[in-house]
Amino acid sequence: MVMEDVFEKLRSLQDILSQKILLEQEIQELPRELTTQEEILARLKRSFIEKNVEYEKTRSAESEFRELLADAEHAREGAEKNMDVINTQREYEALDKEIRDAAEREQQFRKDVQREERLLAELDEQMRQSTGLIAQQEKELTGRRAEIEVEKAEKAKKIKELEKEENKLSRDLDPEVFFKFERIIRNKMGRGIVAIKGGVCTGCHMILPAQFANVVRTGEEIVFCPYCSRILFYEESDQDEEQYFETEDSGSLSDLDDIDDDEFDDEEEEDEKVNADYEE
Ligand SMILES: [Zn+2]
């Protein structure tokens with residue numbers, strides 16, 4: 001294959017791989033949209049459970065007060081009945097006191113019952129609202145989940161289509177070159193093939209040694225930038241002639257074939273420049 005054809009294929013592949021990588025990232029990020037809604041739902045459910053516990057407690061307190069009230073009523077009524085059968089002033093006074101005490105307790109327990117009843121009604125209303133909110137939130141979440149599944153499926157379908165193109169284009173390429181090319185596109189956000197212009201890599205803006213630039217110019221083999229690992233192609237520049245011989249000792253080259261991920265990490269500053277250029 002003529003080198004220019006290889007470069008052309010790589011450029012097409014670059015477009016396809018960038019789109020594919022973007023879609024893959026989008027698929028991964030889609031479920032995260034649900035996190036906030038899921039948190040709200042969990043909070044609502046927790047609050048409902050707490051209210052329910054409080055409701056049960058209140059209900060048992062209410063029934064205790066009701067029993068106490070009934071006891072007091074019973075005691076008062078019994079004492080009132082006894083009023084008919086007393087004979088002495090002393091008996092009268094004792095019974096009268098018994099009736100007043102029982103009536104007092106009755107009054108207090110009636111207030112207690114009423115207070116617990118109000119609390120029950122409030123809790124009941126709050127739980128009713130909570131139930132409505134939970135149902136609404138669950139409905140929204142189910143709807144959004146279904147939408148996300150559809151979006152995911154659409155994106156996965158696009159990825160499949162892109163992969164068909166990718167396979168067609170990469171068929172004639174050296175698998176090792178393709179592997180490195182895909183990796184560099186993933187690491188450098190979309191650009192895996194860049195021009196060398198005036199002896200400078202337009203991907204990372206590093207000056208490349210003259211003999212290196214010459215290899216790229218002859219176009220006989222695929223050459224990776226020793227600094228940013230991108231594939232280089234030659235592009236004519238006005239300053240080329242001077243640059244070629246001026247850049248002979250421009251720093252050391254890293255191993256051309258085995259650029260590992262640590263080295264990628266060291267290049268963040270360069271990446272910013274690269275991205276800025278890319279967005280223009
Ligand atoms: Zn470079």
Side-chain angles (χ1 to χ4, degrees), residues 14-69 108-167 182-192 261-262 264-265 267-268 271-272 274-276 278-279:
Q14 173 172 278
D15 287 345
I16 287 163
L17 289 171
S18 305
Q19 288 176 51
K20 188 179 103 169
I21 291 160
L22 192 66
L23 285 166
E24 284 169 355
Q25 285 169 350
E26 285 170 0
I27 285 179
Q28 280 207 316
E29 276 158 23
L30 272 173
R32 276 180 223 156
E33 280 180 30
L34 297 174
T35 315
T36 313
Q37 274 176 292
E38 280 165 346
E39 277 167 7
I40 292 171
L41 180 62
R43 209 158 45 228
L44 284 170
K45 283 183 172 171
R46 259 198 317 274
S47 142
F48 181 86
I49 290 166
E50 282 163 14
K51 290 263 181 292
N52 200 39
V53 168
E54 206 185 329
Y55 186 89
E56 290 305 322
K57 263 192 213 157
T58 309
R59 208 168 59 166
S60 79
E62 188 221 15
S63 86
E64 263 173 55
F65 284 126
R66 263 187 207 289
E67 270 173 46
L68 290 168
L69 174 61
Q108 181 56 49
F109 292 141
R110 186 163 286 122
K111 274 188 198 156
D112 290 334
V113 167
Q114 283 165 350
R115 189 191 56 236
E116 299 302 315
E117 275 175 348
R118 275 197 302 276
L119 191 53
L120 279 176
E122 271 168 38
L123 286 168
D124 196 52
E125 174 59 19
Q126 286 172 7
M127 281 159 73
R128 213 178 48 77
Q129 283 178 0
S130 245
T131 309
L133 284 174
I134 287 170
Q136 191 192 339
Q137 193 66 22
E138 267 174 345
K139 197 177 156 214
E140 275 172 31
L141 207 52
T142 308
R144 190 67 198 114
R145 276 201 191 103
E147 279 170 19
I148 282 180
E149 283 314 306
V150 172
E151 282 174 48
K152 262 194 194 171
E154 277 168 7
K155 286 181 198 297
K157 201 176 142 210
K158 278 188 203 152
I159 288 177
K160 279 260 179 305
E161 283 162 15
L162 288 168
E163 276 171 348
K164 265 187 221 159
E165 298 273 314
E166 178 190 320
N167 291 337
E182 181 174 12
R183 196 175 60 167
I184 192 73
I185 287 175
R186 279 188 191 276
N187 283 312
K188 305 282 180 186
M189 321 262 227
R191 276 221 302 181
D261 289 329
D262 288 341
F264 288 147
D265 291 341
E267 291 164 6
E268 266 169 25
D271 272 352
E272 278 168 27
V274 168
N275 292 335
Y278 193 45
E279 276 160 21

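Start at 1 with the first residue, then count along the sequence.
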Inset, instruction - Tell me, with the steps shown, if Val113 and Glu117 meet side-chain contact (heavy atoms from CB on, under 4.5 Å). - result: CA-CA 6 Å; Val113 167; Glu117 275 175 348; 3.9 Å; yes

In a table with atom names and distances, give each donor-acceptor pair under 3.5 Å that connects a side chain of residues 120-135 to protein atoms at least two apart or in another chain.
from: Glu125; atom 1: OE1; to: Arg128; atom 2: NE; distance (Å): 3.2
from: Glu125; atom 1: OE1; to: Arg128; atom 2: NH2; distance (Å): 3.1
from: Glu125; atom 1: OE2; to: Arg128; atom 2: NH2; distance (Å): 3.0
from: Glu125; atom 1: OE2; to: Gln129; atom 2: NE2; distance (Å): 3.3
from: Gln126; atom 1: OE1; to: Lys51; atom 2: NZ; distance (Å): 3.4
from: Thr131; atom 1: OG1; to: Met127; atom 2: O; distance (Å): 2.6

Legend entry - Qualifying side chain to side chain donor-acceptor pair (under 3.5 Å) pairs, either residue in residues 27-37, two or more places apart: Glu33-Arg144

Inset, instruction - Please test Lys111 against Arg115 for side-chain contact (heavy atoms from CB on, under 4.5 Å), starting from the C-alpha separation and ending with a verdict. - result: CA-CA 6 Å; Lys111 274 188 198 156; Arg115 189 191 56 236; over 6 Å; no

Legend entry - All side-chain hydrogen bond (donor to acceptor under 3.5 Å, both in side chains) counterparts of Lys45, not counting sequence neighbours: Glu138

Inset, instruction - Mind checking the CD1-CD spacing from Ile27 to Glu154? Nearest 0.5 Å is all I need. - result: 10.5 Å

Legend entry - Set of residues satisfying side-chain contact (heavy atoms from CB on, under 4.5 Å) with respect to Glu50, sequence neighbours excluded: none

Legend entry - Results of side-chain hydrogen bond (donor to acceptor under 3.5 Å, both in side chains) for Glu24 - residues two or more places apart only: Arg186

Inset, instruction - Report the distance from atom CG of Leu141 to atom CG of Leu41, rounding to the nearest 0.5 Å. - result: 6.0 Å

Inset, instruction - Give the minimum heavy-atom separation between Gly192 and Gln14, together with the two atoms involved. - result: N-OE1, 2.7 Å

Legend entry - Nearest-0.5 Å distance that lies between atom CD in Glu116 and atom NZ in Lys57: 12.0 Å

Inset, instruction - Would you indicate whether the side-chain heavy atoms of Glu62 and Arg66 approach each other to under 4.5 Å? - result: yes

Legend entry - Partner set under side-chain hydrogen bond (donor to acceptor under 3.5 Å, both in side chains) for Glu149, not counting sequence neighbours: none

Legend entry - For Glu56, side-chain hydrogen bond (donor to acceptor under 3.5 Å, both in side chains) partners two or more places apart: Arg59

Legend entry - Nearest heavy atoms of Leu17 and Glu166, plus distance in Å: CD2-OE1, 3.6 Å

Legend entry - Between Asn167 and Glu163, a side-chain donor and acceptor under 3.5 Å: no

Inset, instruction - For Leu23, check side-chain contact (heavy atoms from CB on, under 4.5 Å) against everything at least two apart and list the hits. - result: Glu26, Lys155, Lys158, Ile159, Leu162

Inset, instruction - Could you tell me which residues satisfy salt bridge (Lys or Arg N to Asp or Glu O under 4.0 Å) with Glu54, sequence neighbours excluded, listed by chain and number? - result: none

Legend entry - Under the side-chain contact (heavy atoms from CB on, under 4.5 Å) test, residues paired with Arg110 that sit two or more places apart: Leu69, Glu73, Glu106, Gln114

Inset, instruction - Quick one: closest heavy-atom pair of Leu44 and Gln137, and the distance? - result: CD1-CB, 4.3 Å

Legend entry - Residues Glu165 and Lys20 bridged, charged N to O under 4.0 Å: no

